[in-house]
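Inspection log for the structure reproduced underneath, given as structure tokens.
These figures come from a predicted structure and were not determined experimentally.
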Amino acid sequence: MAKNKTESTAKSVDDFIAALDNEVKRDDSYALIKVFKGVTGFNPYMYGPSIIGFGTHHYKYESGHEGDMPLACFSPRKTAIVLYLSSFETKEGLLKKLGKHKASKGCVYIKKLEDVDVEVLKRMVAASFKAVRKNYPS
């Protein structure tokens, strides 16, 4: 079985954020850490070179592929902040209330935190976190 390409690292979250060349992304990253930590109760850690994760769970697919990944995470990328959100029942309705964003199956992309309703975002992170814990009990 192939090893996962992305794993948790000992890299400092603060050093990662400090190295971001965009002040708004740095500020938004610290604000998102407060949101994610408040919802999950977990401290942030680096998952791979650019993902900030909270908590961890072990997954195993029917194919036999398995590994560990964050229960909740986001990544401040150059073009957008990527929020990795699991599927949950109220996702589509909350996306309509979120504000300016783009979405794919498992990701929500925002340019700036001020473009979205943070209270709706908290509800989405909480629902995603709950869904992952339900689907991958420890």
Next item on the list: Could you give me the CA-CA distance, side-chain angles and deciding distance for T56 and Y47, then say whether side-chain contact (heavy atoms from CB on, under 4.5 Å) is met?
Entry: CA-CA 10 Å; T56 187; Y47 181 70; over 6 Å; no
Next item on the list: Mind checking the NZ-NZ spacing from K105 to K91? Nearest 0.5 Å is all I need.
Entry: 9.0 Å
Check: With a 4.5 Å heavy-atom cut-off, do L71 and F42 have their side chains touching?
Finding: yes
Check: When rounded to the nearest 0.5 angstrom, what is the spacing between CD in E23 and CG in D28?
Finding: 10.5 Å
Checklist line | ILVMFWY cluster, L121 and V24 together (side-chain gap under 4.5 Å) | finding: no
Checklist line | L83 side chain near L32 side chain, heavy-atom distance below 4.5 Å | finding: yes
Next item on the list: Check whether any side-chain N or O of H101 sits under 3.5 Å from a backbone N or O of I110 as a donor-acceptor pair, and report yes or no.
Entry: no
Next item on the list: Could you tell me which non-hydrogen atom of L95 sits nearest to which non-hydrogen atom of A103, and how far apart they are?
Entry: CD1-CB, 4.2 Å
Next item on the list: Calculate, to the nearest 0.5 Å, the distance between atoms SG and CD1 belonging to C107 and I81 respectively.
Entry: 13.5 Å
Next item on the list: Start with the C-alpha distance between I17 and I52, add both sets of side-chain angles, then the distance that settles side-chain contact (heavy atoms from CB on, under 4.5 Å), and finish with yes or no.
Entry: CA-CA 10 Å; I17 293 172; I52 300 171; 4.0 Å; yes
Note to self: Would D14 and Y30 count as a side-chain contact (heavy atoms from CB on, under 4.5 Å) here? Give the steps.
What the structure shows: CA-CA 9 Å; D14 285 328; Y30 284 119; 3.3 Å; yes
Item checked: Atom of T40, atom of F129 and distance for their closest heavy-atom approach -> CG2-CD1, 3.6 Å
Next item on the list: Just grab all the salt bridge (charged side-chain N to carboxylate O under 4.0 Å, His left out) pairs involving residues 111-120, residues at least two apart or on different chains.
Entry: K112-E114, E119-K122
Next item on the list: Mark yes or no for whether H57, through its side chain, and M69, through its backbone, hold a donor-acceptor pair below 3.5 Å.
Entry: yes
Notebook entry, point to check: When rounded to the nearest 0.5 angstrom, what is the spacing between CZ in R77 and CG in L20?
Noted result: 11.0 Å
Item checked: Heavy-atom donor-acceptor pair, Y109 side chain to S104 backbone, under 3.5 Å -> no
Next item on the list: Just jot down the side chain to side chain donor-acceptor pair (under 3.5 Å) partners of K78, sequence neighbours excluded, or say none.
Entry: D21
Margin query: Taking A18's backbone N and O only, do any of them form a donor-acceptor pair with R26's side chain (distance below 3.5 Å, no angle check)?
Written below: no
Item checked: Expected output: side-chain S128 to main-chain S86 donor-acceptor under 3.5 Å -> yes
Check: Are S12 and M46 side-chain neighbours, meaning at least one heavy-atom pair lies under 4.5 Å?
Finding: no
Next item on the list: Work out which heavy atom in C73 is nearest to a heavy atom in G53; give both atom names and the distance.
Entry: CB-CA, 3.8 Å
Next item on the list: Can you label the angle between the F74 ring and the F36 ring as parallel, tilted or perpendicular, going by 30° and 60°?
Entry: tilted
Notebook entry, point to check: Do I51 and Y84 touch side chain to side chain, with heavy atoms closer than 4.5 Å?
Noted result: yes
Checklist line | Heavy-atom check, side chain of K130 versus side chain of F88, under 4.5 Å | finding: no
Checklist line | Heavy-atom donor-acceptor pair, S75 side chain to V82 backbone, under 3.5 Å | finding: no
Notebook entry, point to check: Is any side-chain heavy atom of V108 less than 4.5 Å from a side-chain heavy atom of L98?
Noted result: yes
